[in-house]
Amino acid sequence: MQNNEFHECSPERQNRKKRAICRSGRQKDAPEPQRHSTGVSGEMDLLSAQIVSPSALPFLCLIWGTYAQQAFRSEPKNHTVLQGATVLLKCEVLRASGTVQWVKDGLLLGPQRSLPGFPRYSMIGKPNTGQYYLQIEKAQLEDDALYQCQAGRSESSPAVVSNTAWVKVLIPPSKPYFEVDMTAAWEAGRTYTVTCVAPDAKPAAKITLYKDGVELTGAASFTMSGSKDKLLNTRAEVTVTALSSDNGRQLVCHAKSPAPFRLVETTLTMNVHFPPQPPVIMGLEREEVKAGRMLVLECVSYGGNPLATLHWTKNGEILSTTWEEDVVVQKSSSVLKMKPTPADNQAVLCCESVNLVSLQPLSISRTITVLFEPAQVILSGSFTAVEGEELYLSCFAASSNPPVQIRWWLGYKELNTTVVAMEEGDNGGMMTLSNTTHQVSREDDGLKLTCEAFNKGTHFSKTQTMKLSVYYPPQKVWIDAPHQDVPLQAGTKVHLTCFSTGGNPSGKLTWFKNGRAVTDALMQTSFERGVARELVLGLTPSDNTATYRCDATNEAKKTISAHTKLTVHFTAISMKITAAKEELRQGEVLTLECQAGSSNPKANISWSLGGVRLQGEEQPPKRAAYGGVSVKSFLSLNLSSQHHSQRVICQAYSPVLAEGVSTFFKLNVLYPPQFSPDQPTQVQVVEDDMATIPLLVSANPEEVSCIWLHYREKLVKERDLRYHWSDDHSLEIRNVTRKDAGVYTVNCVNNEGVGNASIKLDVQYAPGVRAEKDPVFVNVGETADLICVADANPVTSNMFSWKWLGEGEVEMGKETQEDESGLLTIYNVTRAHAGLYQCTANNGIAPPASVDVQLVVQFKPEIWKGIQWRKVASRGDGTTTAEVVCQAEGIPRVDFSWEKNGARMDFANPRYEELTVREGSIHTSTVRIVNVSAVLDYAIFGCTAHNSLGEDKLDIQLVSTNRPDPPSSFREVSVTHDSVTLEWIPGFSGGLSQRFRIRYRWEQSTSFLYMDVFPPMATTFAVTDLRPVTTYNFSVNALNAMGESDYADNNAVLTITTKERPEQEGVPADDDSATQSAGRLPPSLTIVLSLVFGVLLVLNSLGCFFGLRWRKKQGQTGVKAGSMLNGKKNEEKRSSQSTVSNSNNYESREKINIAAQRTLLIDSGSDTDSHVYEGYAAESSHYYYPAGDYMPTLSPHPEETHVPHLPVDSHSHLYEDVRDGALYQDILTPCLPFPPSLFDHRLPPQRTDWRPPTYPQGPDKVRGFVDDQQPQRESDLPFELRGELV
């Protein structure tokens, strides 16, 4: 105990205490530590070191120890752990009053139990019992350090420090590795150094090396620093001699740590190169092989690393460099396939094997003997001979191995008389030659002569065969021909046939006539016993008594013959006419002589001229050629101009043959010009074409000059370039006109005299036409005659035609023609016949001519009637102006007269004005009532329209503004699976702008649904978003500012069932498909369309911008520019405009009453927030979507062919109850065009067809339409709504 206490108070111990205290001073408020052992106070030791001498230390330590308050029950001990294990350092403090914490290598870890910054460190144990254990989880290399437990100073106790404990962490080695480059293989027999490294172990590992399971001795090991502090690398080296048996075996390196870790090893596969074994050849059991037979040889070489490469050579030349490797069997093999040829005889085949470590190639050779037949066997000599001759024959066999044996055969008989000779040939073979002789006989003809060459080595024979021909002469010849006593007519075909039998080859037949060979005989033919050759003769006079012979011969050079003669009748072989004089003229006598050549029998001579037989003088006959006779005759002829160019025919006729021979003499008679009987006396031509007047004149001599006269005036080309004369003197007139018509005279002259003729030229031309009377007036029910007159040549029947130029179809009248006039007669004329008619004249010469004739049908006036014409509404408070309009159609002019409640109106009253406007047959009378009074002016105005043919009347009632009348004719237009398109005819608007509302429901719905029609005045509307295959009930009514009407057709309900949803395949159902389709446009087209669209968009924006500015300018004065009637003051104008602004656009099956449009009080543009609107809405029992807030989606329908554009004034807007007014005023106003015309004057009144509503046009109508859209003041409301009395 004393030794220990003294040791604790030694200077060395005190220095450690000082250092511990200094280290504890690093932490704020940390107590001053003191080293303590066996209950001695550390503080006393420290003080003794500072204030007392060393000799008093034991005493002071003993005294101070008795005052210690905290001490260690147990202190930490040294630990050695494996990497990854858990370390527990125990520290127990008695009466701990200071802060207890651990120190690692002089670094305080902190008093917390979790020890921040050290996630694997923690203090565990029970602090109330003084347990402060340091637990280190998953020990790592950085945990290898010195650890102390300290209890800090407190008020009642000084600091204490425990013993230093060493924690040693054992680290296993990482996987060992070889420092050997095995990318380059080892060579067998060489020595190599193998190094293995076991890295990063603590303590150093022990290395053991093995080769194929056997430990390698003599390895040298040493250690060095590892990758981190405290880690060691172990390196072991050993020398290895490479053997061929080491190839593929493994080197193993074991790394074992002294600590109880598992063994770590690594392996290395050795790649040792060594040479292969010598090759062997398989598949060649015998050295003799047959040429052409496939020879398959295999060269095999075992062992070697790498496996051997093989190649074949023949006589030193490489045949094959391909081989296969079998790594399982460890062999290389190369197969050689070859068909030996005679050139391969005694060839040396060699197979060589070698690899990377072979000192020299290893090889094996074999010599082959090739057995082959002769390449050719040649049989030579003559194989044709005459019966009894000797044949000399030779047979040659080319080189073969072994030599061939030659044998001769004639048919099935062997010829043994042969001589054989041999000599060396190509490729080590022998050539063989065999000769023989043979005397031929007739029986040898056609036998086969065969030379056979047999090879004993290949057991194959080769032959050459020729056919033997033996010649001998024909045996018999005869001719098949008509008998000589039978006469034949010249020109007849006669067949002479020569036959020959026997002989080899068959005889060659040749025909001769009078000893001369005939070359045009037919080809020789063969038959069963011989040959024949036919001679086809077209008999001529030379065949009479001629001798025909047939010779038969062949290669046997012996000829036999046969002959015959013919008797031929023929006409004269020649005819000739001679004249007594050379120059002939009309009026002279000509004598002709005709000489007929030889004929058999005698011929008779006759004369003819132009089909007329003439009598001549015949002379006695004389003997002539070919056994016939000749005849002569004379003829005398008086000449005329008709004889010129005619032929005088002389004929020699044979009565026996019933045929003759003719010749002619052409007469050349000189005469003056004469005109042909076919010369035309009249020529027709179309105007502007070229007229050709032919001239058919003859003369001899033909050199004729002609002069043309027209009305005795000579025609010359210089005077009129249109004249042209052709080579035959015909006259051509280009671009002929009517003035060129008339008689033309021509005078022609030659050396023999003069002649003349006259021809009429008829010029035809296209018609011109005019109306005899235009226009033509006729009353309804009468007969109208429309006449047109034509100027034409020729005038043909049915030259006129009539056509109706108006719209629709009318019944055409009767068409007739009187000479140059065309007449169209229309009976019982109606108003439908009025209009333009076209008369066309066509005489077959283009172009036809036409003229229009106006038919005016006069009728009494007809006033346009209908509900929209019978009512006019206006406020009766004395502040408005009403217009009562009466429109009538009639011809002639229509005049109007007016009555009020039966009394004629006095237009001297300044409150009443009347204005009549005429547009064609439409006449409009407008009565303007200023300051309408309900008491004075709510009356019936009678309008009478009259002209000279009659009159018509209409009563028009002026009433107060009221709610609209119900629509009518409510019907279905179309239906789909999700929409229904409806249509109706509006009723009277009540004098205010009316709109329409559709009510509908289905069976499952709890209440009605309502939808406002947009645009407000549309009479066709599509209800969308419906259910497929669902039955709906629809109704429609009208609304204005005064209220709403009953539902259409006496509250009738229209029941409609939607269709089934269509299939989607192949049908684009939405805009996406269109987008996809557009996406398939070519890129270039897409760019072009984008540019064009962009330019159009910019131009449209600019147009809208400048148009807006212009309209705003005009809007400043537009209100002041209203219509003016009879010079009223500006205030009256504004009053008039106010009235006009309350117009109503209304259309039904009747024409629209314009005045009704101008007398409405409240349009759909009324402010929806006004009291009037709210009051009306409150009275309704149905839920109603205000148009100002509700914008329905309007889907396009195939049936909607026209969406009218609405006119917009610059100071107002359209559809205030649907759209924002400013938006329409700024954007739509300058860009919307005006609608088409409201009326079609061509349509008759009271028409039954109904069109979708159109909108007013013209300055007054447009202004009236848009003015009523302006916000109304209270004073603009009807007096009934203001509660005032009239």
(request) Output yes when a side-chain donor or acceptor of R928 lies under 3.5 Å from a complementary backbone atom of L915, and no otherwise. (result) no

(request) Considering non-hydrogen atoms only, spot the tightest contact between P892 and S948 and give its length. (result) CG-OG, 3.5 Å

(request) Could you tell me whether the side chain of T880 and the main chain of R875 form a donor-acceptor pair under 3.5 Å? (result) yes

(request) Answer whether the closest heavy-atom distance between the side chains of V885 and V872 falls below 4.5 Å. (result) no

(request) Measure the NZ-CD distance between K860 and E951 for me, rounded to the nearest 0.5 Å. (result) 8.5 Å

(message) Taking side-chain contact (heavy atoms from CB on, under 4.5 Å) as the criterion, tell me which of S989, P967, P986 meets it with S1045.
(response) P967

(message) If I compare all heavy atoms of P861 with all of D952, which pair ends up nearest, and what's the gap?
(response) O-CB, 3.4 Å

(request) Kindly indicate whether the side chain of Y938, heavy atoms from C-beta on, has any atom under 4.5 Å from the side chain of S960. (result) yes

(message) One pair to check against side-chain contact (heavy atoms from CB on, under 4.5 Å): L982 and F970. What are the steps and the verdict?
(response) CA-CA 7 Å; L982 305 171; F970 186 44; 3.7 Å; yes

(request) For the pair R911 (side chain) and V930 (backbone), establish whether a donor and an acceptor sit closer than 3.5 Å, ignoring hydrogens and angles. (result) yes

(request) Give a yes or no on whether the backbone of R1001 and the side-chain of N1033 come within a donor-acceptor separation of less than 3.5 Å. (result) no

(message) For a quick test of reading the model, state the closest non-hydrogen atom pair linking T944 to K953 and the distance between them.
(response) OG1-CG, 3.5 Å

(request) If the plane angle is over 60° it's perpendicular, under 30° parallel, otherwise tilted; pick one for F896 and H923. (result) tilted

(message) Between T916 and E914, do the side chains contain a donor N or O and an acceptor N or O under 3.5 Å apart?
(response) yes

(message) Set out, in order, the CA-CA distance, both residues' side-chain angles and the distance that settles side-chain contact (heavy atoms from CB on, under 4.5 Å) for W864 and I922, then state yes or no.
(response) CA-CA 10 Å; W864 293 355; I922 307 298; 3.6 Å; yes

(request) Can you measure from OG1 (T1019) to CD (E983) and round to the nearest 0.5 angstrom? (result) 6.0 Å

(request) Determine whether V1013 and R995 make a side-chain contact, defined as any pair of heavy atoms from C-beta on separated by less than 4.5 Å. (result) no

(message) Could you measure the distance from the NZ atom of K900 to the CD1 atom of I940? Nearest 0.5 Å is fine.
(response) 12.0 Å

(request) Please examine the side chains of Y1032 and L1054, heavy atoms only from C-beta on, and report whether any two atoms are closer than 4.5 Å. (result) no

(message) Less than 4.5 Å apart, side chain to side chain, heavy atoms only: is that true for E883 and T926?
(response) yes

(request) Output yes when a side-chain donor or acceptor of N1040 lies under 3.5 Å from a complementary backbone atom of N962, and no otherwise. (result) yes

(request) Determine yes or no for a side-chain-to-main-chain donor-acceptor pair under 3.5 angstrom, with D774 supplying the side chain and Q854 the backbone. (result) yes

(request) Would you give the length of the straight line joining atom CG of D1049 to atom OG of S968, rounded to the nearest 0.5 angstrom? (result) 6.0 Å

(request) Test side-chain contact (heavy atoms from CB on, under 4.5 Å) on D937 and Y912 and set out the steps. (result) CA-CA 10 Å; D937 298 320; Y912 300 107; 2.8 Å; yes

(request) Taking the side chain as every heavy atom from C-beta outward, state whether V829 and E782 have any pair of such atoms under 4.5 Å apart. (result) no

(message) Under a 4.0 Å threshold between the charged nitrogen and the carboxylate oxygen, would R918 count as salt-bridged to D895?
(response) yes

(request) Mark yes or no for whether Y1047, through its side chain, and I998, through its backbone, hold a donor-acceptor pair below 3.5 Å. (result) no

(message) Within the 3.5 Å criterion, strictly below it, is a donor on S921 or E889 matched to an acceptor on the partner's side chain?
(response) yes

(message) Once rounded to the nearest 0.5 Å, what's the spacing between atom OG of S897 and atom CZ of R904?
(response) 5.0 Å

(message) Rounded at 0.5 Å granularity, tell me how far CH2 in W898 sits from SG in C886.
(response) 5.0 Å

(message) Is it true that T924 and Q887 share a donor-acceptor pair across their side chains at a distance under 3.5 Å?
(response) yes

(request) Check the pair E913 / V927 against side-chain contact (heavy atoms from CB on, under 4.5 Å), numbers first and verdict last. (result) CA-CA 6 Å; E913 300 173 356; V927 173; over 6 Å; no

(message) Counting the benzene-type ring for Trp, do F996 and W984 have ring centres under 6.0 Å apart?
(response) yes

(message) What I'd like to find out is whether the side chain of F941 reaches to under 4.5 Å of the side chain of N901, using heavy atoms alone.
(response) no

(message) Is it the case that the side chain of N1050 and the backbone of A1052 share a donor-acceptor pair, with hydrogens and angles ignored and the cut-off at 3.5 Å?
(response) no

(message) Testing the basics here: between V810 and A832, what is the closest heavy-atom pair and its distance to 0.1 Å?
(response) CG1-O, 3.2 Å

(message) For the backbone of L836 and the side chain of D852, can you confirm whether one donor and one acceptor N or O come within less than 3.5 Å of each other?
(response) no

(request) Specify the closest pair of heavy atoms between S874 and V932, including all atoms of both residues, with the distance to one decimal. (result) OG-CG2, 3.9 Å

(message) Would you say the ring centers of F1034 and Y1000 fall short of 6.0 Å from each other?
(response) yes

(request) Measure the shortest side-chain to side-chain distance between L855 and V778 over non-hydrogen atoms and say whether it is less than 4.5 angstrom. (result) yes

(request) Might you point out which heavy atoms bring K865 and L954 nearest each other, and give the distance in Å? (result) CG-CD1, 3.9 Å

(request) Would you check if the side chain of R997 reaches a backbone N or O of N1037 as a donor-acceptor pair within less than 3.5 Å? (result) no

